[in-house]
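Here the structure is laid out as structure tokens; the discussion comes afterwards.
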Amino acid sequence: MNMLTGTRRRTLRSLYDEAGLPQDIRRSLNFILIGNLCGNVCGIICGGGTAAMVGLVTSMGADDMTFAILNAIPQIAALMQIPFSMLVSRTHRRKRYMLTVGVFSRVLWLFFGFIPMIIPRGQVNYPLWTLIFLLGISSCCGSMINVCWFPWLSDIAPVEIRSRWLSVRDVILNITNVIMGFVIAYLLDNLPPETRYVIIFLIGGTVGVMDMLSFGFCTEKYTAPPKKLHYTEVFRNIYRNKPFMRFMIFWTVWCFTANMSGTYMSPYSMNVMGLTFTQIMVFATVASCIGAILTVQRWGSGIYSFGTRNIMFLACLGASLTPLFYLFSSPGNIWPTLLHNFIGAMFWCGGNLACTTMQMNSSAEDTRPSYIAVFSCVTALAGTALGSLFAGTLLKAFAASGLFTGWFDRYKMLFVIATALRVGAVFLLIPGIENDRPVTIRQTVAKLVRYR
């Protein structure tokens, strides 16, 4: 089957008809999509690396290590996913948890913009530490969200349409992100400085709450009966699942190397290159959304035709090289940010889609929440958090030693190191992952070259 077969005319209704889904499941998938739309808009505003957060913490006096800590906190909080996953497996009350713990995690974001206004800075940076504290609480509670919605989707979306449903969903999400990216950028650049972050984070927190409320209209369906799990049993079963383990090891290394550079892309563009909020949003968020829109359905069809492993190899290899665009950066130059995000997103979306599909396909149905929780914890802690903290330490060491102070500054050196490590991870680790189609990586490349 051709990688491009059916991508242009593929709709959610046609997928539902193909799988013969009943009306309640169709409605549930549509409400999950609505929730994901709201969650994505929330994600544009709320998070350690967003333009809004970078601007807020920069105004509070954040340094390189602060950005590393802000990026690492949600990953460290992912540890809570393991006990939460066992609770979900034992009680089968996903909807209740999403509408209580999940809503609370999003409500906290309503207060972020008020922090500089009501807490004095003083000798100790109290506003910044208050923000870090609230981010930690929100992230811990947010860990419940991942172990609820992801297995929920796995239980109601048949395996034969999952990757294609996700690719259609991603197109819709990215179109929404383009629109909201312009709106948020306009607000950040034109709202009065004293109320800018109050309004922005009120918007982010509100749509985040709407994300959680959408799940109240979804049918709860479980493919396995309630099961009381023990930590030793969970870890033993996951360790014995070799396809899952190989995939988790690669994705952990990938997250480590990706976040070495990714954590500092927005701060570098804003604080060193001098880009405005609108430029950051347009040439980063909007550009990446457009790049994903153009390619994500093709990646979904590619997974269906060539297998998840092969698409992951191609997508991650392409994404590995895009930080090198920043080697040509200079103050006021928008092209490195634009090319990195536009071309990079054309590959990132394929890697992320393959990752999501592989998580669902390689995890056991009866203990899927625990699989997802362990995967998230390992990749978040040993990958994302450690990668961010390692990069922060490296940048601090470069600054203390006086190395890389000219055109080739310490950030560019960091981007080169991260790129080399990412390429090495792709070639060394992905070929060892099992594919869900009888096609090799070499055969996939040959077929695509012949098609072109």
Side-chain angles (χ1 to χ4, degrees), residues 7-16 26-47 49-52 74 98 102 106 109 142 145-146 148-150 152-154 156-157 161-185 203-215 217-218 262 280-303 311 315 319 341-360:
T7 55
R8 291 184 175 84
R9 294 186 296 273
R10 180 66 62 192
T11 64
L12 292 177
R13 179 177 293 181
S14 67
L15 289 176
Y16 298 160
R26 296 176 185 231
R27 184 185 68 250
S28 297
L29 286 171
N30 288 337
F31 271 108
I32 287 179
L33 174 59
I34 292 172
N36 289 172
L37 279 169
C38 294
N40 242 35
V41 175
C42 175
I44 294 175
I45 300 170
C46 306
T50 65
M98 293 285 270
R106 298 297 175 79
W109 284 96
I145 299 172
N146 195 44
C148 285
W149 93 265
F150 198 78
W152 202 337
L153 174 64
S154 301
I156 65 177
I161 69 167
R162 281 178 193 163
S163 64
R164 289 175 289 162
W165 185 91
L166 287 167
S167 67
V168 174
R169 180 207 66 162
D170 287 352
V171 169
I172 298 172
L173 295 185
N174 282 291
I175 291 173
T176 305
N177 286 351
V178 169
I179 298 171
M180 290 306 301
F182 282 111
V183 173
I184 299 303
I203 295 172
T206 300
V207 293
V209 170
M210 291 170 60
D211 172 17
M212 296 296 97
L213 295 180
S214 298
F215 286 86
F217 300 94
C218 298
I280 291 290
M281 196 65 72
V282 172
F283 301 124
T285 303
V286 174
S288 64
C289 291
I290 294 174
I293 289 169
L294 294 175
T295 56
V296 67
Q297 284 196 276
R298 290 176 169 82
W299 291 119
S301 296
I303 289 174
I311 294 304
N341 287 282
F342 178 72
I343 297 177
M346 299 176 78
F347 293 98
W348 301 332
C349 66
N352 292 335
L353 182 62
C355 172
T356 303
T357 303
M358 194 168 285
Q359 282 185 74
M360 289 189 283

Sequence neighbours left out, what passes salt bridge (charged side-chain N to carboxylate O under 4.0 Å, His left out) with Arg162? Give chain and number order.
none
Nearest 0.5 angstrom please: Met346 CE to Ser288 OG, how far?
12.0 Å
Taking side chain to side chain contact (heavy atoms under 4.5 Å, CB included) as the test, write out the residues that go with Ala52, two or more places apart.
Ile45, Thr50, Leu188, Ile200, Phe201
How far apart are the closest heavy atoms of Asp211 and Asn36, and which atoms are they?
OD1-N, 4.1 Å
Contact summary for Cys46 and Gly205, nearest pair of heavy atoms
SG-N, 4.2 Å
Leu353 vs Trp348, test: side-chain contact (heavy atoms from CB on, under 4.5 Å). Steps then yes/no.
CA-CA 8 Å; Leu353 182 62; Trp348 301 332; over 6 Å; no
Criterion side-chain contact (heavy atoms from CB on, under 4.5 Å) on Asn177 and Val286, from CA distance to verdict
CA-CA 7 Å; Asn177 286 351; Val286 174; over 6 Å; no
The criterion is side chain to side chain contact (heavy atoms under 4.5 Å, CB included); which residues satisfy it with Thr206, sequence neighbours excluded?
Leu110, Met210
Residues which pass side chain to side chain donor-acceptor pair (under 3.5 Å) with Thr295, listed by chain and number, not counting sequence neighbours
none
To the nearest 0.5 Å, what is the distance between SG (Cys218) and CD1 (Ile156)?
6.0 Å
Kindly write out the residues that satisfy ring pair (Phe, Tyr, Trp, His ring centres under 6.0 Å) with Trp149, not counting sequence neighbours, or none if the list is empty.
none
Just to verify, what does Phe217 make a ring pair (Phe, Tyr, Trp, His ring centres under 6.0 Å) with, not counting sequence neighbours?
Phe31
Distance-minimising heavy-atom pair for Cys289 and Val178
CB-CG2, 3.4 Å
To the nearest 0.5 Å, what is the distance between CD (Gln359) and OG (Ser154)?
8.5 Å
Against Thr176, only a single residue in Val41, Asn40, Val171 fulfils side-chain contact (heavy atoms from CB on, under 4.5 Å); can you say which?
Val41
Residues at least two apart in sequence or cross-chain that pass side chain to side chain contact (heavy atoms under 4.5 Å, CB included) with Leu213, listed by chain then number, are Leu99, Val103, Val209
What distance separates Gln297 CD from Ile293 CD1, expressed to the nearest 0.5 Å?
10.5 Å
Which heavy atom in Phe215 sits nearest to a heavy atom in Ile32, and how many Å separate them?
CE2-CG1, 3.8 Å
Can you measure from CG (Leu15) to CD1 (Ile161) and round to the nearest 0.5 angstrom?
5.5 Å
Taking atom CG of Leu153 and atom SG of Cys148, what is their separation to the nearest 0.5 Å?
13.0 Å
By side chain to side chain donor-acceptor pair (under 3.5 Å) - contacts of Asn352 (at least two apart):
none
Between Trp299 and Cys349 the two heavy atoms that sit nearest each other are CD1-SG, 3.5 Å
Kindly give the heavy-atom pair with the smallest separation between Ile34 and Ser214, and that separation in Å.
CG2-OG, 3.6 Å
Any residue meeting side chain to side chain donor-acceptor pair (under 3.5 Å) with Asp170, in chain and number order, not counting sequence neighbours:
none
What residues form a side chain to side chain contact (heavy atoms under 4.5 Å, CB included) with Tyr16, not counting sequence neighbours?
Leu12, Leu21, Arg26, Leu29, Asn30, Trp165
After noting the C-alpha distance and the side-chain angles of Asn341 and Phe283, does the key distance pass the side-chain contact (heavy atoms from CB on, under 4.5 Å) rule?
CA-CA 7 Å; Asn341 287 282; Phe283 301 124; over 6 Å; no
